Amino acid sequence: MESIRVISTGLVQAPNQSNESTEQKIHLTPWDLTFLPLETIQKGLLFQKPTKTEHHHTPFQINNLKHSFSTTLAFFPPLTGRFVITHHNEDKAATCHILCNNQGALFVHAVAENTTVNDILQAKYVPSIVHSFFPLYGVHNHQGTSQPLFAAQVTELVDGVFIGCTLNHTLGDGRSFWHFVNSWAEISRSGFNNKPSKLPSLERAFLVNDVELPIRFPFTEKDFEIIPNPEPPLPEKFFHFTKEKLARLKAKANAEAGTEKIKISSLQSLLTHLWISVYRCKRVDPQDELSYFIQVGVRPRLVPQLPESYFGNAAIFDSVRMRARELLEGGIGKCALEMNKMIASYTDEKVKSHFESWLRNPTLFTLGKVANSNSLSTSSSQRFDVYGNDFGWGKPVAVRSGVANKRAGKISVFAGNEEGSIDLEVCLPYDILEALWNDTQFTMDSVSFQGEGSHAELLVENC
């Protein structure tokens with residue numbers, strides 16, 4: 001379980017693209033542009049290797065995946081394009097758009113000859129070799145002028161297959177990422193004769209009238225400098241919360257909040273539970289200000305709503321802040337209520353105001369804004385279809401993510417393998433992860449909560 005061996009690597013183009021789609025230019029919104037300095041989205045799926053029948057042996061699998069990958073790309077032309085970034089020296093600004101020129105997406109075939117499915121499933125911490133299952137390691141989003149905007153790596157294990165995908169985050173968000181993967185799986189298992197059941201909506205939303213396109217933003221040559229992270233990668237651990245545990249957390253949060261008009265969701269309850277537990281383990285100064293950063297999805301918050309198939313970024317980062325004493329003594333109800341209020345504050349009016357404010361004063365995202373010892377940040381969602389991705393030989397047994405944008409306090413949310421469950425991938429120093437693992441109050445292995453029962457049903461999440 002030490003290294004991988006690359007068998008082949010190359011660009012895959014979409015077949016039979018018309019000249020119109022090949023030359024399509026897509027301007028980017030503030031929600032897109034803000035991610036230019038950061039790294040990519042990296043998520044992947046672990047599968048058991050199927051029995052060796054005529055159509056379920058490894059060479060057939062690889063050829064099938066590569067063929068269906070190309071077929072699916074035809075419906076997602078931005079993924080085979082490249083960025084065009086133009087510098088305007090007169091005002092030290094830049095502009096950026098996607099040119100859908102079908103240069104191709106990257107496809108890698110690799111082998112991890114000594115790694116088994118159980119080496120990944122049963123490991124206490126995510127094994128470091130998992131990071132090598134993802135292509136475009138270390139690539140930043142602004143490098144999409146020369147680097148592929150999407151890449152897939154199929155890694156053969158001793159008894160399984162791992163499909164790791166990398167999406168340029170300036171091109172799209174987590175919902176867009178899983179939209180493509182879901183479509184790829186759908187076409188792969190159907191024999192690639194059909195189009196996806198849900199086509200992407202490629203038209204960008206600019207929300208306000210008279211936006212001058214392309215949008216100018218401050219981005220000089222110095223901003224292109226990539227400074228390597230001097231710290232070794234932090235450990236990552238998965239924590240699983242069953243439907244029953246989530247119902248108990250939600251019931252406790254709503255009982256403590258004591259409000260009939262506001263219903264705290266299961267996810268808000270869980271993230272608050274994690275927030276409190278992490279800083280209980282850290283033993284911080286009571287007067288320290290703590291922050292929890294959350295990506296608030298805005299597709300359903302606009303009037304009219306953006307379609308679920310909107311292919312791009314449609315989220316705003318915001319945070320809940322409070323003193324350590326307030327967090328640790330306030331209880332899950334009070335803190336989850338503050339998180340709920342922050343998320344609910346993003347009405348159509350506030351989202352558009354935020355958009356207009358960015359146009360007046362463009363700022364790009366940096367990890368330093370959220371990555372510090374007194375903050376946690378959450379991305380991804382339990383709503384994304386992870387375990388429905390059957391490429392033709394069965395559903396995945398696990399989901400994992402790459403090393404891109406990983407810093408202390410990074411939390412990724414995934415649907416669990418069991419219906420209604422949630423998995424949290426937590427990136428923190430070893431001592432804090434060990435403390436969490438041994439904290440029965442956090443894992444809920446021997447804890448009963450007051451208020452169980454009356455609010456135990458799971459409702460649609462608000463974030």
Side-chain angles (χ1 to χ4, degrees), residues 20-38 40-41 75-88 90-101 141-142 144-145 149-150 167-177 179-180 198-219 223 294-318 343 345-366 369 379 463:
E20 180 181 354
S21 62
T22 301
E23 297 300 323
Q24 183 180 4
K25 179 190 291 187
I26 298 177
H27 291 296
L28 299 174
T29 72
W31 300 329
D32 302 317
L33 296 170
T34 189
F35 284 104
L36 277 170
L38 298 188
T40 56
I41 297 175
F75 301 98
F76 295 80
L79 297 186
T80 56
R82 296 293 184 270
F83 289 153
V84 176
I85 296 179
T86 304
H87 291 274
H88 304 276
E90 66 274 13
D91 56 0
K92 295 182 180 180
T95 56
C96 179
H97 67 266
I98 306 168
L99 183 63
C100 300
N101 55 11
N141 296 315
H142 62 75
T145 54
L149 301 182
F150 191 87
L167 172 69
N168 190 298
H169 207 332
T170 297
L171 191 153
D173 55 17
R175 184 171 294 280
S176 300
F177 175 97
H179 184 175
F180 176 80
K198 184 175 70 175
L199 293 173
S201 175
L202 301 179
E203 183 179 355
R204 285 301 202 266
F206 289 96
L207 303 191
V208 296
N209 296 324
D210 302 323
V211 177
E212 184 178 348
L213 299 176
I215 295 173
R216 290 197 176 204
F217 55 93
F219 200 51
D223 294 312
I294 295 175
Q295 279 190 326
V296 181
V298 301
R299 283 174 177 82
R301 299 177 182 277
L302 291 166
V303 180
Q305 295 184 2
L306 290 180
E308 186 179 343
S309 59
Y310 178 84
F311 201 80
N313 289 285
I316 297 172
F317 252 104
D318 204 344
I343 295 167
S345 72
Y346 278 91
T347 60
D348 173 75
E349 181 180 1
K350 183 173 180 177
V351 172
K352 289 176 179 174
S353 175
H354 183 276
F355 196 98
E356 291 175 328
S357 176
W358 194 97
L359 292 173
R360 290 192 299 270
N361 182 30
T363 55
L364 303 183
F365 199 82
T366 62
K369 292 181 179 180
S379 63
C463 68

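Because the structure is a prediction, the values reported are computed rather than measured.
- Note that OG of S357 and NE2 of H354 are 7.0 Å apart. Values are rounded to the nearest 0.5 Å.
- Surrounding CD of E356 are more than 12 heavy atoms belonging to other residues, nucleotides or ligands, all under 6.0 Å away.
- Residue L202 comes nearest to P77 through the heavy atom pair CD1-CG, 3.7 Å, listed as atom of the first residue, atom of the second, then distance.
- At distances below 3.5 Å, at least one donor-acceptor pair connects side-chain atoms of H179 with backbone N or O atoms of K198.
- Here Y310 pairs with nothing under the ring pair (Phe, Tyr, Trp, His ring centres under 6.0 Å) rule; sequence neighbours left out.
- With values rounded to the nearest 0.5 angstrom, R216 atom CZ is found 9.5 Å from T86 atom OG1.
- In this structure, the separation between CG on L213 and CD1 on I26 is 12.5 Å, given to the nearest 0.5 Å.
- Under the salt bridge (Lys or Arg N to Asp or Glu O under 4.0 Å) criterion, K25 pairs with no residue, sequence neighbours left out.
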Would you please test F180 and L167 for side chain to side chain contact (heavy atoms under 4.5 Å, CB included) and show each step? CA-CA 10 Å; F180 176 80; L167 172 69; over 6 Å; no
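- Checked against side chain to side chain contact (heavy atoms under 4.5 Å, CB included), Q305 has the following partners two or more places apart in sequence or in another chain: P300.
- Here the side chains of L359 and P30 are in contact, with some heavy-atom distance below 4.5 Å.
- For F83, there are no ring pair (Phe, Tyr, Trp, His ring centres under 6.0 Å) partners, not counting sequence neighbours.
- Considering all non-hydrogen atoms of both residues, V298 and A315 come closest at CG2-N, 4.1 Å.
- Heavy-atom minimum distance, F206 versus L28: CE2-O, 3.5 Å.
- With rounding to the nearest 0.5 Å, the separation of CG in L306 from CZ in R175 is 11.0 Å.
- Remark: F355 engages W31 in a ring pair (Phe, Tyr, Trp, His ring centres under 6.0 Å) (not counting sequence neighbours).
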Applying side chain to side chain contact (heavy atoms under 4.5 Å, CB included) to H142 and T170, what does each step give before you reach the verdict? CA-CA 8 Å; H142 62 75; T170 297; over 6 Å; no
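- A 4.5 Å side-chain heavy-atom check between L207 and V351 finds at least one atom pair inside the cut-off.
- Between L33 and P362, the closest side-chain pair of non-hydrogen atoms is not below 4.5 Å.
- A 4.5 Å side-chain heavy-atom check between I215 and H27 finds every atom pair outside the cut-off.
- Closest non-hydrogen pair, T29 versus A205, comes out as CG2-O, 3.2 Å.
- From Q295, atom CD reaches atom CD1 of I316 across 10.5 Å, with rounding to the nearest 0.5 Å.
- Side-chain atoms of N168 come within 3.5 Å of backbone atoms of N141 as a donor-acceptor pair (strictly under, hydrogens ignored).
- Side-chain contact check for L302 versus K352: some heavy-atom pair is nearer than 4.5 Å.
- Side-chain atoms of L36 and F217, non-hydrogen and from C-beta on, do get closer than 4.5 Å to each other.
- Residues I98 and L149 meet the side-chain proximity criterion, which asks for heavy atoms closer than 4.5 Å.
- Side-chain contact check for H169 versus N313: some heavy-atom pair is nearer than 4.5 Å.
- Rounding to the nearest 0.5 Å gives a distance of 11.0 Å between CD of Q24 and NE2 of H97.
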Take I343 and R301, measure what side chain to side chain contact (heavy atoms under 4.5 Å, CB included) needs, and give me the verdict at the end. CA-CA 10 Å; I343 295 167; R301 299 177 182 277; 3.1 Å; yes
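- The side chain to side chain contact (heavy atoms under 4.5 Å, CB included) test applied to S176 returns D173, R299, F311, not counting sequence neighbours.
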